[in-house]
Structures are given as C-alpha cells and as structure tokens.
Amino acid sequence: MAWETRRRRRYYYRKVRWQGRVRSEYIGRGLRARCAEAAVAERADAGAARRHRRRQLLRRESDIDGQIQDLLDWTRYIVRALSLVAGWHTHKGTWRRRRG
C-alpha cells in the first residue's frame, strides 16, 4: 500500500492481485486512508515481532542441539574407553570380545 500523488493531491491505494494482474484499489485520502495505513503498519510490526521471536527460538534450539551433540560425543568417548578397558575391540565396525 502506498500514498500516490495525482493532480497535486495525495491518495492512498492498495495493490491487489485480481485475475493474475495487479490492480490499484482506491482507499481514500482522509481519515479512512490514515486508518488503513495504520492497520498496515500494525500488521507489519506484528509480523516483524513474530519473525524476531521465531529467530530467537531457533537460536535457542540450535544452542540446545549443540549441547546435546557434545553430550553424545562425550558419552560415545566414555563408552568406547570403558569397552576397550573391559577387553572389547572393534572389527569391521562391530564390537567383539578379545580372545584369550
């Protein structure tokens, strides 16, 4: 939506898609136009706030995923060390007990 100047006067128009084409829909130039502009700005602000919250949530989830991955890596390391100490080894990707 935008203000357009026609014949030295400012009018508020909304762009709408109709039958595959973009058309300008006249809103007005007085109080109705200012209210429409305020509603558009409010929706844009709400959308920006929603996107900001979503980015924060994704950032937190990414941090948690990293911590879980670190925990899994340490767990694998400890299990491998304990298995080696207990007499196990890997052969072609599988754990086997050492003979004798």
Side-chain angles (χ1 to χ4, degrees):
M1 293 208 204
W3 288 96
E4 294 181 15
T5 303
R6 296 183 181 185
R7 293 189 185 140
R8 292 184 285 183
R9 288 194 172 176
R10 292 176 44 86
Y11 301 95
Y12 199 67
Y13 284 86
R14 173 174 49 199
K15 304 298 183 191
V16 281
R17 186 171 293 277
W18 185 70
Q19 295 182 350
R21 294 180 148 193
V22 177
R23 298 178 67 183
S24 293
E25 184 178 271
Y26 174 75
I27 301 298
R29 52 173 286 181
L31 181 61
R32 181 178 176 196
R34 287 192 298 275
C35 288
E37 180 183 27
V40 168
E42 188 175 321
R43 279 195 304 266
D45 290 345
R50 210 172 27 254
R51 287 188 299 276
H52 180 70
R53 285 192 304 271
R54 178 77 174 145
R55 278 193 301 271
Q56 284 181 327
L57 178 64
L58 290 175
R59 211 174 294 125
R60 270 188 257 132
E61 287 177 352
S62 177
D63 291 344
I64 291 170
D65 287 346
Q67 292 173 356
I68 290 172
Q69 189 60 49
D70 290 345
L71 181 62
L72 286 173
D73 292 344
W74 276 103
T75 303
R76 285 187 191 109
Y77 176 76
I78 291 170
V79 168
R80 182 175 173 78
L82 290 174
S83 298
L84 291 172
V85 168
W88 291 75
H89 72 285
T90 56
H91 177 74
K92 296 185 179 178
T94 60
W95 283 95
R96 298 184 179 184
R97 186 126 176 99
R98 286 202 189 274
R99 292 189 214 167

Would you say that [X] contacts [Y] through its side chain, given a criterion of any heavy-atom pair below 4.5 Å between the two side chains?
| X | Y | result |
| --- | --- | --- |
| R59 | R55 | yes |
| Y26 | E4 | no |
| R32 | Y12 | no |
| S24 | K15 | yes |
| R43 | V40 | yes |

Are I64 and L72 joined in one hydrophobic group, where the rule is that I, L, V, M, F, W and Y side chains link up if heavy atoms are under 4.5 Å apart?
yes
Which heavy-atom pair separates [X] from [Y] by the least distance, and what is that distance?
| X | Y | answer |
| --- | --- | --- |
| I27 | A33 | CG2-CA, 4.1 Å |
| A44 | R51 | O-NH2, 4.4 Å |
| R34 | R29 | NH1-O, 4.4 Å |

Give a yes or no on whether the backbone of A86 and the side-chain of R97 come within a donor-acceptor separation of less than 3.5 Å.
yes
Ignoring hydrogens and angles, tell me if any N or O in the side chain of S83 forms a donor-acceptor pair with the backbone of V79 under 3.5 Å.
yes
To the nearest 0.5 Å, tell me how far [X] [atom1] sits from [Y] [atom2].
| X | Y | atom1 | atom2 | result |
| --- | --- | --- | --- | --- |
| W88 | R98 | CH2 | CZ | 12.0 Å |
| I68 | T75 | CD1 | OG1 | 11.5 Å |
| L58 | R53 | CG | CZ | 13.0 Å |

For Q56, I'd like to know if atom CD has over 12 heavy atoms of other residues, nucleotides or ligands within 6.0 Å.
yes
Side-chain donor-acceptor pair under 3.5 Å between Q69 and D73, yes or no?
yes
Do the side chains of D63 and R60 get close enough for a salt bridge, i.e. N-O under 4.0 angstrom?
no
